[in-house]
Each structure stands twice: as structure tokens, then as C-alpha cells.
Amino acid sequence: KKIVAALAALAVSATVLIAPAQAQDKKYTIALIPGLTTDGFYITMRKGAQAAADALGVNLVFQGAPDFNPVTQVPVLDAVIAKKPDAILIAPTDKVQLVEPLRKANDAGIPVITVDTFIGSGVYQTGAGDADFPLAYIASDNVLGGEIAARALATSIGDKGKVYVSNVKPGISTTDQREEGFKKEMAKHPGITVLETQFNDDDANKAASQLQAVFARNPDLVGVFGANLFSALGAANGVKQAGQTGTVKVVAFDAPTSIVDNINTGLVDVAIAQHPAEIGYYGVVSAYAHLTGHSIPVTIGTGFTIMDKSNIADPNISKYLYSE
Ligand code: T6T
């Protein structure tokens, strides 16, 4: 009897000992597919993701397209799915066009988490709609970001005059929501007229020429909101080329290192930095938690840091500038 009991105890402790060892031996591969590879925002997101991957012993694969476009992102996604990673983190480049390609990953049993941008309505795991299958959405609050931008621009133009939004293209959740928040806030400022949005396809040169064309049609233009990194850089360059630095105010979404000079010279009044490293970090942590049997929040919101001339030299602020 004693021997049987001892053997049983041994079996129990053996299971207890073996189970965690097996869990630790499993090295998970998590793929991160950015909106595009050559954008400081996603380069910074990758760093945050890598920090979490290193801490958790996860293999992180970063694979993306050279431009922000579903036509080039979908083949990258297909190639990633074919390699069967344990989970996919992705910034979908279109709310609608990425639904079916991502469903393939989900149908293949690969958990999907969207970072920065969302598909469908961005409300996941409700059983409603056909694009609610991603496990989580980790991002800035982009409607709020647009409202912050509008308030900053309203202040810098003395609450009156003509402004417009320099934006990427319709169908991208983030930039659509920033424009929505901007217009919602501007509706509370009767002295401000919001002109028609200019779409630049994420091309800073196009954004610069559009600024000059809008200014040519509206010599009383007083401000522009650049709704993402390339829209803002381009709009700011357009203001400079038009010789309107300081007269046409610029509020920029995103914070590449070049924004420091633009703020210091007065070309850009305010930059709204997102926290992409946090998005990447919590993306990997969430995927890992799910893979190891834990429940995860369906949305995680990350914050903003507002940069202007008064605080840009402060290391607690400048640490949120994006990596190159
Ligand atoms: O603004 C970010 C990102 O949040 C957006 O979805 C796309 O543009 C950026 O990557 C900046 O270029």
C-alpha cells in the first residue's frame, strides 16, 4: 500500500514538475505586420514589441510592405500565414479590405490581434458583425487625438479663420477617426471654417503641393492639421515653401525626430506623439498571455504626449519621439 501511495505521489509531483518545463520549452513565434516598414511610428512599435519578446523568450518576426496599402500588405499577410506563426499582430491598412485576408488566419487557427488600426467597427469578440474575430485591439484613442488636435489648432489661430485636414486616404481606421474627432471639436468653434480634406496617399510631397494649392485658392488660410506623420511633415514643408511659416499654423499628428526642428523654428506649433512602443509591447504581452491560457482585455488604449516649444527639450517629453 505504502509503495502504491509513494508511486502515486511521485506521479503527481512528476506531472507538476514536467508540465511547467514543457510550457517553458515551447518557444512561441509572434508575427508583427506593420502598416509599412519605413515609418518611424512602426519602427518604434517594433522596438516595444521586441522588448516584450525578449522578456518573454518569444521569437518576434517583423514583416511588412514598403507602403501603406492593402494591395501590398495582403501578400505579406498571406506569406506570414503560410509560415503558421503562433499569433499575428497586424496594423490593417484598410477597415474593409483586410477582413477576408485576416479571416484566413483566424480560420487557420492563428489568433489575430490588431495594433494601431482596426478592421470592421473595431469592436471585437461580441458575436456581432463579421469582422469581430480579432482577440484584441491595442491603439491610441484616435477620436480623442483628433479633438486634441482641433483644440490646439483653435488656440493657435485665435479661434478664427480657415483650416483644413491633410489626410492619408479614406478607409483607414486611425486617420478616419482623427478627422472625425477634429471636425466634431471644430463644430464647437463657430469662428473656424474647415475646408475640404486633402488626401495625399501617405505621400509627404503630395501633401506639400496640396498645401500650396489650398493656400493659392484661400490666401486667408490660417491653419492645417496633418493627420499622420507624412501628412504633417508634408503640410509643414508646404507651409515653408509657400513662405508662410508662423502665419499658417501647423498641428501635427505623430512625432518623428525631425519634428523637433520644426517645432523650434515655429513651423509646427504642436505635435501629438502617440506611444507606439507601448502598442508593440502590449501586443506581444497580450498574444503571449492568450497563448499561455490567460484571458486578455479586448481593447487596450495607449496615451499621447503633447509636444510644443515649451516642453520639447524636456527628456521626459522627448523620450516619446519616434525612432528612425
Ligand atoms: O499615424 C501613424 C499610424 O497611427 C497610422 O495608422 C498610419 O500612419 C502612421 O503610421 C504615421 O505615419
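Along the sequence shown, the residues carry numbers beginning at 1. All ligand and atom numbering here is 1-based and tracks the order in the structure.
Counting only heavy atoms of the protein, atom 10 (O) of ligand 1 lies nearest to Asp39 OD2, 2.7 Å. From the protein, the heavy atom lying nearest to atom 8 (O) of ligand 1 is Asn228 ND2, 3.0 Å. Closest to atom 1 (O) of ligand 1, if we only count protein heavy atoms, is Asp254 OD2, 2.6 Å. For atom 3 (C) of ligand 1, the closest non-hydrogen atom of the protein is Asp116 OD2, 3.3 Å.
Thr72 and Asp67 are linked by a side-chain donor-acceptor pair at a separation below 3.5 angstrom, with hydrogens and angles left out of the test. At a cut-off of 3.5 Å, with distance as the only test, a side-chain donor of Ser166 or Asn200 sits close to an acceptor on the other residue.
Ion pairing between a basic and an acidic side chain is recognised when a charged N comes within 4.0 Å of a carboxylate O; Glu179 and Lys183 show such pairing. Salt bridge annotation for Lys104-Asp78: present, with a cationic side-chain nitrogen under 4.0 angstrom from a carboxylate oxygen.
Near Gln274, meaning under 4.0 Å from any of its heavy atoms, are these atoms of ligand 1: 1 (O), 2 (C), 3 (C), 4 (O). Close approach of ligand 1 to Thr117 is summarised as follows: ligand atoms under 4.0 Å from at least one heavy atom of the residue are 6 (O). Residue Phe230 has at least one heavy-atom neighbour below 4.0 Å for each of these atoms of ligand 1: 12 (O). Counting the atoms of ligand 1 from 1 in the order shown, those under 4.0 Å from a heavy atom of Leu229 are 11 (C), 12 (O).
When atom types are taken as modelled, the side chain of Asp176 and the backbone of Gly171 share a donor-acceptor pair closer than 3.5 angstrom.
Using a 4.0 Å heavy-atom cutoff, Met45 is absent from the residues neighbouring ligand 1. Not close to ligand 1: Phe253, with no non-hydrogen atom less than 4.0 angstrom away.
Residue Thr174 places at least one N or O, backbone or side chain, under 3.5 Å from an N or O of ligand 1. Inclusion of Asp202 in the set of residues having an N or O under 3.5 Å from an N or O of ligand 1 is not warranted. In terms of polar-atom proximity, defined here as any N/O pair under 3.5 Å, Thr175 makes no such contact with ligand 1.
The line from CZ of Phe225 to OG1 of Thr197 is 10.0 Å long, rounded to the nearest 0.5 Å. Separating the OG1 atom in Thr305 from the NE2 atom in His275 is a distance of 3.0 Å, to the nearest 0.5 Å.
Looking at Leu98, Ile172, Leu77 one by one, the single match for side chain to side chain contact (heavy atoms under 4.5 Å, CB included) with Pro70 turns out to be Leu98.
Hydrophobic clustering places Val270 together with Ile157 (ILVMFWY residues linked when any side-chain heavy atoms are closer than 4.5 Å, directly or through intermediates).
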